[in-house]
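See below for the structure under consideration.
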Protein chains: 2
Amino acid sequence: MTPTLREVAQLAGVSIKTVSNVINGYPHIRPATRERVESAIAELGYTPNLTARNLRAGRSGAITLALPDMGLAYFAELAAQVIETAESAGLIVQLEHTGGVRERELELLRSPRRQSSDGLIFSPLGMSQDDAGALNVPYPLVLLGERIFDGPTDHITMRNHDAARAATEHLLESGRRRIAIIGAHEGEVIGSAGLRFAGYRAALEGAGIAVDPALVGYTGLWHRANGAETMRALVETGVDFDAAFCLNDTLALGAMRALEELGRSVPDDVAVIGFDNLDEAQYSIPSLTTVEPGRGWIADTAVKALNARIDGSVSREERSRTLFAPYRIVERESTLAGRST
Amino acid sequence: MTPTLREVAQLAGVSIKTVSNVINGYPHIRPATRERVESAIAELGYTPNLTARNLRAGRSGAITLALPDMGLAYFAELAAQVIETAESAGLIVQLEHTGGVRERELELLRSPRRQSSDGLIFSPLGMSQDDAGALNVPYPLVLLGERIFDGPTDHITMRNHDAARAATEHLLESGRRRIAIIGAHEGEVIGSAGLRFAGYRAALEGAGIAVDPALVGYTGLWHRANGAETMRALVETGVDFDAAFCLNDTLALGAMRALEELGRSVPDDVAVIGFDNLDEAQYSIPSLTTVEPGRGWIADTAVKALNARIDGSVSREERSRTLFAPYRIVERESTLAGRST
DNA sequence: ACTCTCGCCTTCAACGTTGTAGCCTGATTG
DNA sequence: CAATCAGGCTACAACGTTGAAGGCGAGAGT
C-alpha cells in the first residue's frame, strides 16, 4: 500500500539503511547519494511508518488523557489546553472517557491500551483514596484533581480549600452572612466537594459564623439540573439566605436559573459565586463571579511533568511531587453589592 | 521492562506461539497447557504490546478526530460522542486541533502522524471547496460539516438549508414577521452560514416576505461575544424586529444576553431561536429554542463509515457517500407565544 | 497393520524500522 | 611504502507479535 524504506532503497539503488540514514540526518553521505534518495522519497511519496519506528524505539509519541466526560465544560476546556500543549511538544493525545465510574477507572489503569501511549494524564472521579494502590503502574502517570492524595505519582492539583475559603470570604466581604452552599457531598473529606466544603466552613468560622446545616445543599452530580433542583429545594424549605457558594460553575448556572424562576434576584436577593471560571460564566445573565482554577497552568504542567518522566529526565525513582496551580477570584455581576450596602 | 511473550513462554515452558495462541483464543490447546500459560501471564502481569501487534497487523487500532477547537461546546459534545462510539468499537481516539486554520488543516491531511492511526474523521473549517483536492489522501477519511461538498470521501452532514428553513418557519408560525438573522457570512454560499442563510431566505420568501438587509447581522466568528455584539449593533440601528434566527446556539446565548441588557424581553419582545441544541441551551434563561442537529447520529455514523473503510468492508473504489443527519426543532421558552398572540 | 485425520504444539518468517558492526576505498602519515 | 584513518556505504539483528506451514503422536477407518 504505502511505500516502505525497501522500495525507496530499490528505486535509489542503495541499501535500506542508507535511506534510513538520509531520513535521520546521518552526516556521512555523499551529496549525490543523498539527492538520489531524496528524489526517490519524493517520487514515491514515502512517509515513515510510525508504528514500526515506535516498536523499534519502544515509544509511541502519544500520551493518553483520561477524563470523566468531554461533555462537561470543565473537562472539555482542560482537554483543549492539554492538546495544545502536547501538540507543541510533538505529542499526539489519545482521549479516553471514564464516565467517572470507579470500575472503568481501575480498568483503564490496567488496560493493554496503555501500551499504545507513552504515559497517562488521569483525572479520577470514581476512585477514592483506598484505590491509591492501583496507581502503582509500570508507565509514567500524572494525576489531576483532588480525589486522591499522596499517591505514588506526580500530582497536579489546586488549593481547593484555600480557594473555597477565598470564595466564601468574598461573599462575606460584600456583607452577606447567610451563605448557602450547593453541591456538598455527605461525609466527603477529600475530593473537590470535601475540600471546598472545608474551605467554606473555615471562612465562616473565621468570621464567627457557624455552619447552618439548613443551608447545606447536597447533590451528587454537578450538572446544571442538579444545581437548579438543589436551589429550588433550598428555597422551598423557607430558610433565609442571601448568598450561595456553588461548588462549580455549572451548579451555579443552574442555581441562578432556579432563583430567577422563583422570583429571587441575583445578586440583589442572593449573591452567587461559582468555581471553575468556565468560558460560559462570563456570558451568563448575570455574569458569574467565580474562582479561576488555573486550568491553563494545570494542562501545561501536567504535560511537562509527564514528558519529563517519559524521556527519563526525571527518573522513576525520583519522588513524586504534588504541584499546586495558582487560583484567583474573578469578580463579576453575580456578587455585586447586595442587600446590606 | 514490561514482560513479553518470550518471558511468559519461558515461565510456562511452552513456545512463544502457544502463548500467543492462548491469548488469541486459538481452540486446540489442552486445558492443562492453557492453565499453565494463564497463570504465567498472571504472575508476570503480561499485557500484549500493541505497537508490535499493530505493526504485524498493519493497523493501529486508533482513529484520529480533527476538530477546530475542543473549547467550542459543539465540538466538545461531538468529540464526546465520537469517543463513546469509538470506544465501543474498540478504537482509540486521537484528537487533533486545527484551530480552523486552512494551513493547519492542509498540513494535518499530509502529516506523517496520520500513519499512527488507521483513519481520520475531519471537520474542516478553514479549507474551502477549492481545496477539495487535498482530500484525496491514501488513508480512510470521513468528512464532517458543510465546508466542502462532493469531495472524494464519505461525508456526514446535515440538511442545513432545510433545518434553517424549518427554524425560520417556526418563528413565522408563531406570528413573527420581522425576523433578524445573526451570524451571516458575507457572500458565503456553502458552509454552515451560507446554507443556513439560504434556508432563512427560502422560509421568508415562502411566506411572501422579502429579506430585509437591515435585519442581517454579519459576524465572522460564532462566539458568544460576537452574538452579543451583533445584536447590540442591530438594536442600536433602531430597526424594528420581533424575532432573531441565530446561526448557532452560542450566538443565540450572546444575543439573548444583549437583548436582556438593552431591556428587550425574550420572548415577549423578541423571539430567539438557535442552532445546535447544546446542553447549555436547555438551561439558559430563558431556555433556548433550537435545532437539534443529530450530533449523536453524526458521531455514530462517522465512526461506522470510517470503520467500514478501514476494515475493507467498503472498498476504496466504492463511491463516496454523503449522509444526512436527521434534525428537529426543539421548542423551548425563547420562542413562546409573543406579541401577536 | 497401514494410512488418514485431527488435536496440539513448534519453527520460521515477516511486519518496517534503526543500532551495531564491519567492509571497502582512497587519502594521510611517519 | 606499509600502516592508519576517515568517509561512505552495507549486512545483520532485533523490537514483539502473529500467519503459514509443518511435526508428532493417538485414535479412527479400511
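The structure displayed is predicted, hence computed values, not measured ones.
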Any side-chain heavy-atom pair of B/Ser117 and B/Tyr139 under 4.5 Å: no

Options D/dT10, C/dT10, D/dC15, nucleotide nearest the side-chain atoms of A/Lys17: D/dT10

Between D/dG19 (P) and B/Ile16 (CD1): distance, integer Å: 14 Å

C/dT18 OP1/OP2 closer than 4.0 Å to side-chain N/O of A/Ser20: yes

Residue closer to the 5' end of DNA chain C, B/Pro27 versus A/Leu5 (nearest nucleotide): B/Pro27

Touch class at under 4.0 angstrom, heavy-atom based, for B/Thr18 against every strand present: base

Interface residues of residues 31-64 of chain B with DNA chain C (non-hydrogen, below 4.0 angstrom): B/Thr33, B/Leu55, B/Arg56

Touch class at under 4.0 angstrom, heavy-atom based, for B/Ile29 against every strand present: sugar-phosphate

Qualifying residues under side-chain contact (heavy atoms from CB on, under 4.5 Å), relative to A/Ser116, sequence neighbours excluded: A/Gln94, B/Leu50, B/Ile92

Salt-bridge present (A/Glu96, A/Arg114; N to O < 4.0 Å): yes

Residue-phosphate contact under 4.0 Å: A/Ser15 side-chain N/O, D/dC9 OP1/OP2: no

Bend angle of the helix from C/dA1-D/dT30 to C/dG30-D/dC1, from helix axes over five pairs at each end, nearest 10°: 60°

